[in-house]
Number of protein chains: 2
Amino acid sequence: MSAFSGNFSNKLDAKGRVSIPADFRSVLAPPGSKARIVLRPSPLHPCLEGCTEAHFQALTDRLDTMDPFSAEYDDLATELHGQTIKLELDDDGRTVLPLSLIAEYGFSGTVKFIGLGRTFQIWEQAAGDQRLADLNAARRARALTRSSGAA
Amino acid sequence: MSAFSGNFSNKLDAKGRVSIPADFRSVLAPPGSKARIVLRPSPLHPCLEGCTEAHFQALTDRLDTMDPFSAEYDDLATELHGQTIKLELDDDGRTVLPLSLIAEYGFSGTVKFIGLGRTFQIWEQAAGDQRLADLNAARRARALTRSSGAA
DNA sequence: TGTATAGTCACGGGATATCATGGCGATTAG
DNA sequence: CTAATCGCCATGATATCCCGTGACTATACA
């Protein structure tokens, strides 16, 4: 597998450590080698967004296509680099989330990992569940609309 | 055969394992090789929907044409990947359904596989039977309505 | 045609590996 | 010297693998 899929709930211990789901670890690095993740605030949601270093590189490549003196360049560069944290996983597949982030996102006890393919998100448990539920409701509404239109 | 057809009832054992019907296995992978299935919640029914990795790939291909920073991308990616489970079949053609799913869909003892061609569904036995019965009833009603001109 | 044989399949059980998580102790910084 | 951080090990739970068994089917053979 080479994409982040599924959602997982893992515990944040007293020291701010969390296990990265094993499925995600296998995407982040070939088994055996040190895995690293790149984390930054989601531009859309109250959650963290994580990806591989390679994917982050691909995102920043986009900067090279932009006018380096434009406001857009400045905004995107700041967004991408200004709040990005690179973390290394320990031998148990865990990483330590900085206390500031834990406080900022209201993480308490359990966090939710949601796969988005090339990236994944880390939510406060309840908020993450809500996000999925909202999407499902919308999907269901779309499906029903379609079928009643066709019938 | 290259489509999921027919319906089958198989048992869920104490460990949450279930045999994938042999007919479906032959669609999922050439005999001998490891078969994988992609499962996600049905948008319309209280059941799981399964398909091949290739079919899922076709669904996610659409993401590559979208702006990865847009809300649309985020929604679709979460919808597609966020609740997707990729399972590998063991040498006996079985797979393990996560406990959370078993609870969520009320699976107990026996589950029903219903082929939908490119995909298939996994229902709690009684609900799946009901689904088929409902469809037949609706079909009969339509036929009667047509023949009598109006009902 | 009736019977024996081999194959496939669903299903159960038990041994083993993997994972998430708690805790301890060493190491480092202040 | 104290406190925070990091690496390592212990543990329970879960998943994975590998085996055997019985039902049913298809094939071979007399």
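Below, read A as the first sequence line, B as the second, and so on, with proteins coming before strands; counting in each chain starts at 1.
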Practice problem: Send over the distance from B/F8 CZ to C/dT8 C1', rounded to a whole Å. | Solution: 14 Å
Quiz item: What is the distance, rounded to the nearest whole Å, between atom CG of A/N10 and atom C1' of C/dC19?
Solution: 9 Å
Quiz item: Nearest nucleotide by nearest heavy atom, which residue falls closer to the 5' end of DNA chain D, B/P98 or A/K15?
Solution: A/K15
Quiz item: What nucleotide among D/dC18, C/dC9, C/dT21 has an atom nearest to a side-chain atom of B/D91?
Solution: D/dC18
Quiz item: For B/K11 and D/dG22, what is the distance between atoms NZ and P respectively, to the nearest whole Å?
Solution: 15 Å
Quiz prompt | d(CZ, B/F24; P, C/dC9) in whole Å | solution = 14 Å
Exercise. Determine whether any donor atom in the side chain of A/R94 lies under 3.5 Å from an acceptor atom in the base of C/dG22, or the reverse, and answer yes or no.
Key: yes
Quiz item: NA contact type, B/D90, heavy-atom cut-off 4.0 Å: base, sugar-phosphate, or nothing?
Solution: nothing
Give every donor-acceptor pair under 3.5 Å between a side-chain atom in residues 101-119 of chain A and any protein atom, sequence neighbours left out.
| unit_1 | atom_1 | unit_2 | atom_2 | d |
| --- | --- | --- | --- | --- |
| A/K112 | NZ | A/N7 | OD1 | 3.3 |
| A/K112 | NZ | A/D129 | OD1 | 2.6 |
| A/R118 | NH2 | B/D64 | OD1 | 3.1 |

Quiz item: Thinking salt bridges, do B/R139 and B/D134 make one under a 4.0 Å N-O criterion?
Solution: no
Quiz item: A/L99 near the nucleic acid: base, sugar-phosphate alone, or nothing, with a heavy-atom cut-off under 4.0 Å?
Solution: nothing
Exercise. Name the closest nucleotide to the B/S19 side chain, picking from C/dG22, C/dC11, C/dA20.
Key: C/dC11
Quiz item: Between A/A22 and B/P21, which has a closest nucleotide on DNA chain C that is more 5'?
Solution: B/P21
Exercise. Kindly assign one of parallel, tilted or perpendicular to the pair A/H45 and A/W123, based on the angle between their ring planes and the thresholds 30° and 60°.
Key: tilted
Quiz item: Roughly how many Å is it from CG in B/D13 to C1' in D/dA15, rounded to a whole number?
Solution: 12 Å
Quiz item: If you check every side-chain atom of A/R17, which of C/dG22, C/dA20, C/dG13 has the closest atom?
Solution: C/dG22
Quiz prompt | Residues B/R40 and B/E49 bridged, charged N to O under 4.0 Å | solution = no
Quiz item: Does a distance-only test, which skips hydrogens and angles, find a donor-acceptor pair under 3.5 Å between the side chain of A/D92 and the base of D/dC9?
Solution: yes
Self-check item: Protein-nucleotide distance (B/L87, atom CG; D/dA15, atom P), rounded to Å
Solution: 11 Å
Quiz item: Just wondering, more than 12 heavy atoms not from A/R62 lying within 6.0 Å of its CZ?
Solution: yes
Quiz item: Expressed in angstrom and rounded to an integer, what is the separation of B/D23 atom CG from C/dA10 atom C1'?
Solution: 13 Å
Self-check item: Nucleotide D/dC18, atom C1' - distance to CG of B/L89 in whole Å
Solution: 16 Å
